[in-house]
Amino acid sequence: MAGASTGGLFARKEAGRERAVEGEVLRITFENEETGFRVLKLGIDVEGVTQELVVVGSLPKVAPGTRVRVAGTRHVDPKFGEQLRAETLVELAPDTLRGLEKFLGSGRIPGVGPATAKLLVKHFGQKILQILDDAPERLREIPGLGKRKAAAIAEAWAAQAGLREIFMFLQAHGASPQLAARIHRRWGRDAVRIVQQDPYRLALEVWGVGFRTADKIAQSLGVQASSPRRLQAGILHVLHERSLQGHVCVTDESLRAAARTLLFSQETPGDGPSDLDDATLDFAVDALVLAKLAVRHRDAAATWIYDARLWAEEGALVVRVHRLLERELAPIPLDDDALGTLEEDLGISLADAQRDAVRLAATAPFLIITGGPGVGKTTVVRALLALYKSAGLTVALAAPTGRAAKRMSEATGAEASTLHRLLEFDPKGAKETEGGGANRFKRGLDKPIDADVVIVDESSMMDVPLARAVLEAIPMHARVLLVGDVDQLPSVGPGAVLEDLLASKLVPSVRLTRIFRQGSSSLIVENAHRINDGELPIAPPKGELADFFLVERKEPEALLAAVLELVTNRIPSRFGYDPIRDVQVLVPMRSGVLGTERLNRELQQALNGGGATFTGPQVVRPRGNFRVGDKVMQLRNDYERNVWNGDIGFVASVQPDDDRLTVLFDDQREVAYDPSTLDELVLAYATTIHKSQGSEYPVVVLPLAAAHFVLLSKNLVYTAVTRGKKLVVVVTDGRALKTALSRQRTEPRGTRLRERLLAVE
């Protein structure tokens, strides 16, 4: 490259600065049609000498010979040299006939090679691009071209122009190239039309786009700050955000407060009013109700506002629960002698409550079994599997996550699957409904699950849409059993289904309380129950080997240092656990000294970085860099690539020159990431407790500090402690733990499932 002899197109000290250049695309060294990420070699005129510059980024499709103007950030990669990380790319018309021939004959138009390009330019000269844009029918004037080929060239040119239009339109209105690629991936050639008609759909339907970004684009398109369209979009966005926080509905008062903050803060563009009265907001809600996008529901407690989809999902769940309870199924014969024989065959001895659960399962068409760790839920499931087998019934075992399903298989000796697999997840239907509609699964009312009994473990993780899908797929002749710990944190998605079902007292249930799984050296289970009862956990005598420890430190930095020492040194050296694969740090929040972001940086440097002087290959991202061997987590359901929110894997390879990497999930399945999907990935040496639901780790390290005050609750600590299988270490300043044990979940879920269940006559 020319840069090797001249010192480069820009000096290293200038790296990171904005730069705009014009030049000719010499060649395309890499491109991904789906995401729009490309690596180009650009010929730049420097004092009469053509030098090459590498341009990388999510860019519209261009062809060799195209003249372009590129703006972006200058960067000097230690391995690959000079690069321009492009923010925008705009095509310029070739300024010579030779350039036009090269441009058209580069292969960008199917069926147009160098010979045909020469024919086009010879006939129309410098006007050829204008002809292709405005009067493509005139191509038939060219002797020897033929009507069919002329039509094919015109169609291919229009398709290429459409893609360029999308990128140029979106970037002109404030979308970054990465965002433009994501928008194009979601809507394809309809992107410009959709954004022009309703830019606020970006915030609701394109992952990673917030209301502020959509609002900025809307303002660029001329939407006024006081526009009813904007007010309605803001209200829908509040409902959407609340659903991401677990709420199915919100009170009208809380909706108004959140809408005011969102729509008319100090950052609000334009000259809109600084406040909104209740009447204006209620009128906006009325408009959404008339449009069937929202529902207003009044009951004795309050007036509730729903996203229309979640109102329908909750209502369908209510109907299905009652339908399943109305059935009369023939009981499975089970007297005391038969139950005793069952125990003898399995080599177990059931406690009274466990026996009651088995007897009830033999008669009830719909049953819930709940209880904390170590109380024998799995033993009951094993007994029921034997009972159902003896009765000639086929059983389907499932759990919400792959890790929970695998653990269920290991504990029962029977095959278990994820709920997505059991329901025959349909990627096409999910994409069409953005994961929120009834078309996500092939199994349902019209095509129920092929089983006589369906048992769902970790059922506290089921949100309203998933619970509706599961129960609608239960055959009318089949029994359904939900197993779970109602004292865990509720589902990540909207609702608190298991809690509401139990609170309604409509579904027969058994709560197991007697602890079986504990011994003189086992404190995890006992302390989990103490925490759930609001009592301080017991620490082992000093120097004694145990599976639960308390480490006290006063200041946040001291707590951080203790966590790092435990994970990187003390736990591996004393217990022999792998610090990356076996040890999981769980924390209440993402930010702060003891948040996941800081902990992940520190743990990555200590475990996979060689300190702060790391010089190996890595993909650089604003929220953290990725290196081979890093533990990472997926942040959202990606239906096309079959990777799910909360999945943990390990980086298998990185390609720093084009911001690409692959991740190995489940030690067998590789998933590729590029610039348009990297935002779905974060380091996972430390994760939030919410993200750990349904998982089990050999070792859990749990830091709790006063800085976590807002999120602290005994449900949170209980959930974290019960994730540990062999060892749990709580690192705390003392005050935080006491605060957590004195508080239930700080904000109850916005759900009316219990009330709607009881309202049915």
Side-chain angles (χ1 to χ4, degrees), residues 245-246 370-375 377 399-401 403-404 407-408 457-463 482-499 502 511-512 515 517 523-537 547-548 550 583-590 594-596 599 633 645-646 648 684 686-705 708-732 736-749:
Q245 296 165 11
T370 187
V375 297
K377 296 191 297 294
T401 68
R403 289 165 304 204
R407 193 169 67 250
M408 192 181 194
D457 196 18
E458 295 284 0
S459 56
S460 64
M461 294 182 65
M462 289 197 302
D463 59 17
L482 304 183
V483 182
D485 185 351
V486 73
D487 294 319
Q488 299 273 0
L489 289 173
S491 57
V492 174
V497 174
L498 186 63
E499 181 180 340
L502 287 168
R511 181 166 190 137
L512 304 176
I515 301 172
R517 181 161 49 94
L523 290 175
I524 293 177
V525 172
E526 182 176 354
N527 279 331
H529 285 272
R530 290 181 64 87
I531 289 166
N532 199 34
D533 292 335
E535 300 175 6
L536 285 170
D547 63 358
F548 187 99
L550 285 169
V583 182
Q584 185 62 55
V585 179
L586 300 178
V587 291
M589 58 201 304
R590 294 194 301 267
L594 290 166
T596 57
L599 281 163
M633 175 182 282
N645 183 6
I648 287 181
T687 70
T688 63
I689 297 168
H690 278 86
K691 288 289 187 181
S692 73
Q693 288 175 263
S695 300
E696 191 173 70
Y697 313 100
V699 181
V700 164
V701 176
L702 172 62
L704 295 172
H708 300 143
F709 178 82
V710 174
L711 297 176
L712 291 177
S713 68
K714 70 177 185 181
N715 309 76
L716 192 80
V717 179
Y718 174 76
T719 298
V721 169
T722 55
R723 299 307 89 200
K725 184 177 182 181
K726 297 179 179 178
L727 178 65
V728 172
V729 183
V730 178
V731 186
T732 178
L737 182 57
K738 291 178 181 177
T739 298
L741 297 182
S742 67
R743 301 162 71 188
Q744 280 287 89
R745 196 166 55 243
T746 53
E747 183 184 11
R749 287 278 168 107

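Numbers here are sequence positions counted from 1.
Among all heavy-atom pairs drawn from Pro490 and Gly495, the shortest one is CB-O, 4.2 Å. Residues Leu716 and Pro588 share a closest heavy-atom pair of CD2-CB, 3.6 Å. Counting all heavy atoms, side chain and backbone alike, Ala528 lies closest to Tyr718 at O-CD1, 3.1 Å. The two residues Ala686 and Leu599 make their nearest non-hydrogen contact at CB-CB, 3.8 Å. Residues Met633 and Thr687 come closest through the heavy atom pair CE-CG2, 3.5 Å. When all heavy atoms of Gly493 and Ser491 are compared, the pair lying nearest together is O-OG, 2.9 Å.
In this structure the side chain of Ile648 reaches within 4.5 angstrom of the side chain of Gln584, judged on heavy atoms. A heavy-atom distance below 4.5 Å is not found between the side chains of Thr401 and Gln693. Counting heavy atoms from C-beta outward, Leu502 and Arg511 have side chains that stay 4.5 Å or more apart. Using a 4.5 Å cut-off on side-chain heavy atoms (C-beta onward), Glu499 and Arg749 make no contact. Side-chain contact check for Leu586 versus Thr688: every heavy-atom pair is 4.5 Å or farther apart. Put simply, the side chain of Val585 reaches to within 4.5 Å of the side chain of Pro703, judged on heavy atoms. Looking at Pro373 and Asp485, their side chains come closer than 4.5 Å, going by heavy atoms from C-beta outward.
Put simply, the side chain of Arg530 never gets that close to the backbone of Pro537: no donor and acceptor are under 3.5 Å apart. In this structure, the side chain of Thr370 engages the main chain of Gly484 through a donor-acceptor pair within 3.5 Å. Judged purely by atom type and a 3.5 angstrom limit, Lys691 has no side-chain atom pairing as donor or acceptor with the backbone of Asn645.
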Step by step, would you call Leu512 with Lys377 a side-chain contact (heavy atoms from CB on, under 4.5 Å)?
CA-CA 7 Å; Leu512 304 176; Lys377 296 191 297 294; 4.1 Å; yes

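Rounded to the nearest 0.5 angstrom, Met461 CE and Leu498 CG are separated by 12.5 Å. A distance of 10.0 Å separates CG of Asn532 from CG of Leu741, quoted to the nearest 0.5 Å. Between the CD1 atom in Ile689 and the OG1 atom in Thr719 there is a gap of 7.5 Å [rounded to 0.5 Å]. Put simply, OG1 on Thr732 and CG on Leu737 are 5.0 Å apart, with the number rounded to the nearest 0.5 Å. With values rounded to the nearest 0.5 angstrom, Lys714 atom NZ is found 7.5 Å from Asp487 atom CG. In this structure, Ile531 CD1 and Asn715 CG are separated by 11.5 Å, a value rounded to the nearest 0.5 Å.
If you check the side chains of Gln488 and Thr722, you find a donor sitting under 3.5 Å from an acceptor.
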